[in-house]
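Structure record follows, encoded as structure tokens.
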Amino acid sequence: MAQPLFRAPVGTRDILAPASSRRRRLVDVFADLAGRSGFGLLESPIFEELGVFQRLGADNDVVTKELFEFFDKGEPPRHLALRPELTASVCRAFAEHRPTVPWKIWYSGPQFRYERPQAGRYRQFDQVGVETLGTDDPHADVEVVGLGVRFYEELGMKQVRLLINSLGDADSRPVYDAALAAYLQRRRDELSEQSRVTLERNPLRVLDSKREQDRPVIAEAPVMADFLSGASADHFQAVTAGLDSLGAAYEVSPRLVRGLDYYTRTTFEFVADALDTAQNAVGGGGRYDGLVEELGGPATPGIGFALGVDRILLACDAEGAFSDEPSPVDVFVVDVAGGTSAVMLCDRLRRAGLGVDRAFDGRSMKAQMKRADRSGAAVAVIVGPDEKAAGEATVRDMRPGGGQRQVPEPGVVAAVTEMLAGAVS
RNA sequence: GUGGCCGUAGCUCAGUCGGUUAGAGCGCCGGGUUGUGGUCCCGGAGGUCGGGGGUUCGACUCCCCUCGGUCACCCCA
């Protein structure tokens, strides 16, 4: 093949129409839902000072191995990184601006992680998300989680499961961590080699292992639920009770720990059962009560989630939800009389608010009609030498069995509008 | 970062034990008498067989390297 000189970098890709408009519609659905729920849009930089992300956890792959880092031309150079996620940026923005609480924001946009691509995983990927900062009211948890549930519903997805757990607070978590570490150490020999390494770095993460060998050990591991402080247990209870009142189905998943280290108390994940790939988590989030403080702000509780746009779309494909919308083109203008009429008619029809397209290069009538057909337009406006001479245009119904009529040029918009309003399949 | 599989037209693929001008479907372009799409028919354009090296009289076919894709691990949305 003729070798292109360049191609999209590994793990990135061009998204062409109509897939691109479908993505945009998905974000629109989310934006609408978040907006109606009192969340305002936060637009934050695509890159931040490296330190912002390093607060996510020193032994986390996302910040240790997967960061796109670079230096700018400052003197001295600033150490920057493309954002691997957005919660840290949100907390940084909160610490910087000190908005009145509760601060409820939503976001969408690309994020970057230097990983090997695979199904549902890209180096540049898109997420939508919400965050509520400044309150640890369990009802805020319910609002956030419930928003996620309703979003999938609005997309028409049916095979999404909500997994939820509590990781405990600053009082209970260390006790559990110690108990878990002790337990895992005791059965260390039964663990996979990988998990033994993980055990040294972060015992909690061992629970995340997908390796068959680790299953028995994980199955019998102590669960956080037994170590929750009274306050944490009450909080979790209130959250699940709230979800019950929403009629939102969920599964308490004692071993759900999630990847980022900053999570406390409520953690949750949305799993798409329609996806038979390894990457079947279409969203996840939780509470991060210490993160703002980590970033130099006032002690501020927070909760939020991020949903993976790419994976959601994959899951939608798998279960046949949120399909492509029909063509945005209502009318196609065919001009075989020099083309000047098309220039004018397209403009006039577009100004009337209609979706209008046309052909170029003075193609034959047959060719232009074919284009009109492919465009999905319900109506074609045809101008040939006869119409041109008479100062008229033919308005043709492209739908099966549709007829056509010739109208004076000034009446084209009205005739088209009328035809579009008429019997539609 | 590690491993498996794959790499032939824009897309999806076929290509016999290595043997002449590398094929199909879809898409694209044109045509099927004088101005009309969708079905049908005819024709056409389009490929240095991912790239490089090697083996051979001869490589799309075999070997090595490399790049890319894909899937899994890891990690995560």
Side-chain angles (χ1 to χ4, degrees), chain A residues 1-4 6-11 13 16 56-57 59-66 84-87 108-129 148 192-195 197-198 201-202 205 208-213 257-260 269-272 275-285 305-315 332 334-337 359 361 363-389 394-404 406:
Chain A
M1 94 183 69
Q3 302 279 314
F6 300 106
R7 50 176 95 193
V10 174
R13 67 252 207 262
L16 314 194
L56 298 176
D59 49 30
N60 191 293
D61 280 2
V62 169
V63 297
T64 54
K65 303 194 300 210
E66 301 173 1
E85 57 118 53
L86 265 159
T87 302
S108 77
Q111 283 139 81
F112 308 83
R113 256 117 93 157
Y114 193 87
E115 305 177 271
R116 277 284 277 274
Q118 69 185 71
R121 193 170 75 183
Y122 307 92
R123 287 186 175 176
Q124 176 177 335
F125 59 100
D126 266 75
Q127 290 186 329
V128 294
S192 64
E193 200 177 325
Q194 264 296 336
S195 286
V197 175
T198 308
R201 293 201 337 247
N202 191 335
R205 205 66 70 53
D208 247 350
S209 167
K210 282 186 230 162
R211 287 169 289 274
E212 195 61 43
Q213 187 186 344
V257 296
R258 311 228 3 97
L260 286 336
E269 192 165 290
F270 294 100
V271 177
L275 253 27
D276 55 3
T277 55
Q279 264 60 46
N280 66 345
V282 291
F305 65 60
L307 314 181
V309 171
D310 310 276
R311 287 186 193 174
I312 291 173
L313 256 9
L314 247 28
F332 198 96
V334 171
D335 183 342
V336 286
D361 302 319
R363 290 178 192 281
S364 70
M365 164 141 307
K366 178 175 182 147
Q368 292 196 46
M369 286 302 290
K370 200 167 215 162
R371 286 281 179 164
D373 183 52
R374 296 285 157 94
S375 78
V379 172
V381 172
I382 303 163
V383 179
D386 295 351
E387 287 90 341
K388 180 118 176 160
T394 295
V395 178
R396 174 173 177 76
D397 194 332
M398 296 294 282
R399 292 164 293 199
Q404 66 182 45
Q406 210 163 314

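Naming: A, B, ... by sequence-line order, numbering from 1 per chain. Quick caveat, the model's predicted, so the values are computed rather than measured.
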Of all residues at least two apart in sequence or in a different chain, which pass the side chain to side chain contact (heavy atoms under 4.5 Å, CB included) check with [X]?
X	answer
A/Ala315	A/Met157, A/Ala272, A/Leu275, A/Val282
A/Glu115	A/Glu66, A/Arg113, A/Arg121
A/Pro110	A/Ile46, A/Arg83, A/Phe112, A/Gln124, A/Asp126
A/Ala278	A/Gln118, A/Lys210

Just to verify, what does [X] make a side-chain hydrogen bond (donor to acceptor under 3.5 Å, both in side chains) with, not counting sequence neighbours?
X	result
A/Ser195	A/Ser192, A/Arg211, A/Asp214
A/Asp310	A/Arg13, A/Arg23
A/Gln127	none
A/Gln404	A/Arg396

Open item on the list: What's A/Pro400 touching, base or sugar-phosphate or nothing? Going by heavy atoms closer than 4.0 Å.
Closed with: base
TODO: Encode nucleotides 29-36 of chain B as B, S and - characters from 5' to 3', where the letter depends on protein heavy atoms closer than 4.0 Å: B to the base, S only to sugar-phosphate, - to neither.
DONE: SSSB--BB
Task: Atom-to-atom span, CZ of A/Arg311 to P of B/C71 - whole angstrom - done: 12 Å
Open item on the list: Applying ring pair (Phe, Tyr, Trp, His ring centres under 6.0 Å), can you list everything that pairs with A/Phe270, at least two apart in sequence or on another chain?
Closed with: A/Tyr152, A/Phe268
Open item on the list: Can you pull out the residues from residues 111-121 of chain A that lie within a 4.0 Å heavy-atom distance of RNA chain B?
Closed with: A/Arg113, A/Glu115, A/Arg116, A/Gln118, A/Ala119, A/Gly120, A/Arg121
TODO: Treat a base pair as Watson-Crick or G-U wobble with both distances under 3.5 Å, then lay out RNA chain B in dot-bracket form, 5' to 3', with | for cross-strand pairs.
DONE: (((((((..((((.....[...)))).(((((.......))))).....(((((..]....))))))))))))....
